[in-house]
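Computed from heavy atoms alone, side chains included, the values below leave out hydrogens, waters and symmetry copies. Labels below follow one simple rule: chain letters A, B, ... track the order of the sequence lines, proteins then strands, and each chain is numbered from 1. This one's a predicted model, so the numbers in the text were calculated from it and none came from an experiment.
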Amino acid sequence: MSRLLEVEDLQVSFKTYGGEVKAVRGVDFYLNQGEVLAVVGESGCGKSVTAQSIMGLLPKKVSRIKGGSVTFEGEEILGLPKKQMQAIKGSKIGLISQDPMTSLNPTMMVGKQIAEVIKKHTDIAKNQIKVRVIELLAMVGLPNPEQRYSQYPHELSGGMRQRVLIAMAISCDPQLIIADEPTTALDVTIQAQILDLLKDLQKSLDTSIMIITHDLGVVAEVAQRVAVMYAGVIVESGTVEEIFENPDHPYTWGLLNSIPKYGSGEKDRLIPIQGSPPDLFAPPTGCPFAARCEYAMEICVQEMPDKKRTSETHHARCWLNDPRAPLVKDLISAGRAE
Amino acid sequence: MSEPLLEVKKVKKYFKVGGKKSLKAVDDISFSIKKGETLGLVGESGSGKSTLGRTVVGLHNATDGRIIFKGKDMSTLRGKEAREFNRAMQMIFQDPHASLNPRMRVIDIIAEGIDAHSLLKGKERKERVFELLEKVGLSQDHAKRYPHEFSGGQRQRIGIARALAVQPDFIVADEPISALDVSIQAQIVNLMEDLKEDEGLTYLFIAHDLGMVKHISDRIGVMYLGTMMELAESDALFEEPLHPYTQALMSAIPIPNPKEVGQRERIVLPGDPPSPITPPSGCRFRTRCPQAMDICANATPEWLEAKENHWVACHLYNS
Ligand SMILES: Nc1ncnc2c1ncn2[C@@H]1O[C@H](COP(=O)(O)OP(=O)(O)OP(=O)(O)O)[C@@H](O)[C@H]1O
Ligand SMILES: Nc1ncnc2c1ncn2[C@@H]1O[C@H](COP(=O)(O)OP(=O)(O)OP(=O)(O)O)[C@@H](O)[C@H]1O
Ligand code: SF4
Ligand SMILES: [Mg+2]
Ligand SMILES: [Mg+2]
């Protein structure tokens with residue numbers, strides 16, 4: 001398996017009225033050819049900003065890339081001039097962005113918008129483009145694709161707009177698809193269809209996929225590896241099995257605990273993680289999760305834990321994984337947590 | 001829990017599209033919600049859930065049918081009474097990006113309703129906004145910022161705070177949590193449940209995440225192509241889905257356990273959902289139904305109570 005994408009120590013900040021927001025603070029992960037990586041994490045932790053940085057889509061005026069690198073097929077693409085990035089975007093990397101309304105042109109028929117992308121990035125014969133667009137719209141499960149071709153975004157339901165974006169992102173057979181919450185607006189039957197489609201692309205064309213999602217069911221369904229993000233850093237990463245069966249970070253434990261239990265007849269109260277994520281104007285020096293962590297020790301607020309490796313594929317940033325740390329079961333019996 | 005707070009009677013909402021054609025987004029739907037109850041609404045994307053929600057709170061005029069809130073027909077209300085109903089019914093929108101004015105600061109967005117109904121001023125207004133921000137898991141510092149400076153999930157919480165600001169009786173929550181990560185989802189769902197307990201709030205809760213819908217709802221309605229296909233208490237619906245569409249929906253729920261992937265039999269629906277401009281005759285689901293019979297094309301199935309409190313529209317149960 002070869003590396004397709006490698007992100008190292010990515011740091012991104014925003015200038016706002018209230019000061020500098022350190023949205024991404026040293027993110028690193030990689031994606032191999034033909035692999036599906038799921039990125040999960042707290043709302044506002046920097047998942048979309050990470051995706052936008054890779055695609056060169058950060059808002060120019062207010063954002064600053066403070067450091068790091070993004071290599072795609074072995075070449076640095078972070079901060080590439082617009083022209084060169086444009087050539088990669090669409091043809092080699094397809095993005096399905098989180099806000100369908102803002103990524104679509106409200107005054108242009110949706111079919112035409114996809115046709116434009118195909119015209120720009122491929123050499124499909126002119127008279128074949130419309131056929132291809134309709135085929136793509138059908139692939140993403142949009143009903144009545146011929147009619148929908150000439151409709152405008154506001155005439156479609158939320159889920160239909162989302163599927164138009166998916167069709168656009170896959171229109172030029174990209175090597176990498178970055179999908180930011182691609183199925184959040186879709187009902188489960190269509191979601192299943194889209195996930196099948198993504199899995200098919202992965203199998204038949206060896207496409208790599210980075211999927212950002214909140215839905216741990218979707219993660220289990222499609223991903224081979226998972227990166228868990230919190231307050232601008234990746235706090236844990238591993239294979240799906242490692243993350244679901246053997247998670248090493250208290251934030252991941254909290255996420256897995258928050259899901260409603262299936263089959264349980266009684267309606268138990270859900271178990272959220274108490275509190276809210278740190279303010280990214282002044283991120284904490286220590287572990288960003290410390291303020292909400294049931295197991296936090298003194299060291300946790302003082303110093304950011306390093307990446308500790310527990311297997312070839314499994315890493316976590318948590319002091320509990322330090323050999324000097326007490327065992328979790330001892331912390332529990334000492335009444336520090338339950 | 002006795003008197004219905006809201007009654008929806010044979011409501012239709014058609015949109016004019018291209019010339020004389022009309023798109024039947026909501027077609028002849030009836031249900032009621034009791035005070036303090038949460039009714040979940042699920043169904044195919046494009047089946048008319050948002051349109052139904054918007055029609056219920058008065059953002060769309062119904063093409064036909066009646067909406068009765070606290071015993072009063074909404075279409076007959078004027079002046080002060082109409083304004084009071086606007087306060088009592090709030091909506092949390094599906095697309096937080098499109099529903100927040102980009103030129104307004106968060107504080108003014110949240111206080112929109114407070115200002116419109118002249119409920120609070122000055123310091124009290126500000127304190128109420130701070131309190132709401134904290135209630136939805138944001139902080140006071142966020143009040144001065146603009147919507148584009150927030151992530152999708154944070155914007156959704158601003159929308160929730162805005163809806164809560166005027167202390168409504170009834171909230172239509174259109175996918176209020178789908179943009180949030182699961183730990184915040186759990187916080188918001190617990191918050192909604194607390195408000196239901198403490199302030200007697202009533203919800204129409206639209207969502208795609210069936211696990212959450214089951215958790216939060218007392219009853220659940222299932223929509224397909226503008227009509228209600230099944231309505232039952234949430235446990236009953238999950239234990240014994242009657243309608244073939246509901247059965248397909250249930251079989252597609254992704255289960256958060258990598259070991260169970262591929263273990264279940266998924267009912268894959270053939271074909272595409274038909275156009276709501278020219279819906280199929282008889283049962284609207286028949287073109288994709290694995291169990292369709294001849295009668296399904298000829299007659300619209302009746303809406304009937306197949307079991308106690310378990311309503312369904314399907315010829316399999318028309319004996
Ligand atoms: N244009 C911007 N100006 C200022 N701050 C921004 C801007 N875009 C994002 N941010 C901030 O950067 C942080 C990360 O945002 P991002 O959109 O990446 O979150 P996310 O992980 O995708 O969350 P969600 O799951 O809710 O979509 C947030 O705190 C957000 O407020
Ligand atoms: N303003 C409008 N003009 C024309 N058609 C519309 C309008 N709003 C909605 N529709 C159509 O009405 C139907 C129902 O849309 P609606 O947004 O209610 O679906 P939904 O069930 O909320 O779907 P989703 O789960 O994707 O949000 C769709 O076919 C849609 O294209
Ligand atoms: S480093 Fe400390 S505070 Fe952070 S997750 Fe681990 S135990 Fe909790
Ligand atoms: Mg995002
Ligand atoms: Mg909707």
Most contacts with chain B, counted as non-hydrogen pairs under 4.5 angstrom, among [options]:
options                                    : value
Val21(A), Thr213(A), Leu216(A)             : Leu216(A)
Val240(A), Leu195(A), Asp196(A), Val219(A) : Asp196(A)
Gly254(A), Pro143(A), Gly44(A)             : Pro143(A)
Pro277(A), Pro145(A), Ala192(A), Gly46(A)  : Ala192(A)

Return yes if some donor-acceptor pair links the side-chain N/O of Asn190(B) with the main-chain N/O of Arg269(A) below 3.5 Å, else return no.
-> no

Donor-acceptor contact below 3.5 Å, side chain Gln187(B) vs main chain Ile273(A) = yes

Any side-chain heavy atom of [X] within less than 4.5 Å of one from [Y]?
X         : Y         : value
Gln193(A) : Leu269(B) : no
Glu44(B)  : Thr189(A) : yes
Glu241(A) : Lys259(B) : no

[X] [atom1] to [Y] [atom2] distance, which is reported to the nearest 0.5 Å:
X         : Y         : atom1 : atom2 : answer
Gln185(B) : Leu270(A) : CD    : CG    : 9.0 Å
Ile255(B) : Ile259(A) : CD1   : CD1   : 11.0 Å
Arg157(B) : Ser43(A)  : CZ    : OG    : 5.0 Å
Ile177(B) : His214(A) : CD1   : NE2   : 10.5 Å

Given that the side chain runs from C-beta out, which part of [X] has a heavy atom under 4.5 Å from chain A: side chain, backbone, both or neither?
X         : result
Ser275(B) : both
Val182(B) : both
Gln154(B) : both

Please determine if Asp187(A) and Lys49(B) form a salt bridge, counting it only when a charged side-chain N lies under 4.0 Å from a carboxylate O.
-> no

Which bit of Leu255(A) is near chain B, if near means a heavy-atom gap under 4.5 Å: side chain, backbone, both or neither?
-> both

Does any heavy atom of chain B fall under 4.5 Å from the side chain of Asp215(A), the backbone, both, or neither of them?
-> side chain

Partner residues of Asp200(A) under the salt bridge (Lys or Arg N to Asp or Glu O under 4.0 Å) criterion, sequence neighbours left out | none

Search all heavy atoms of [X] against all heavy atoms of [Y] and return the closest pair with its distance.
X         : Y         : value
Met160(A) : Gly46(B)  : CE-CA, 4.0 Å
Phe244(A) : Pro256(B) : CE2-O, 3.5 Å
Val188(A) : Leu210(B) : CG2-CD1, 3.6 Å
Asn144(A) : Pro274(B) : OD1-C, 4.0 Å

Pick from His208(B), Glu175(B), Glu260(B), Arg145(B) with the largest number of heavy-atom pairs that fall under 4.5 Å of chain A = His208(B)

Qualifying residue for side chain to side chain donor-acceptor pair (under 3.5 Å) with Ser45(B), from Arg161(A), Arg163(A), Gln191(A), Gln162(A) = Arg163(A)

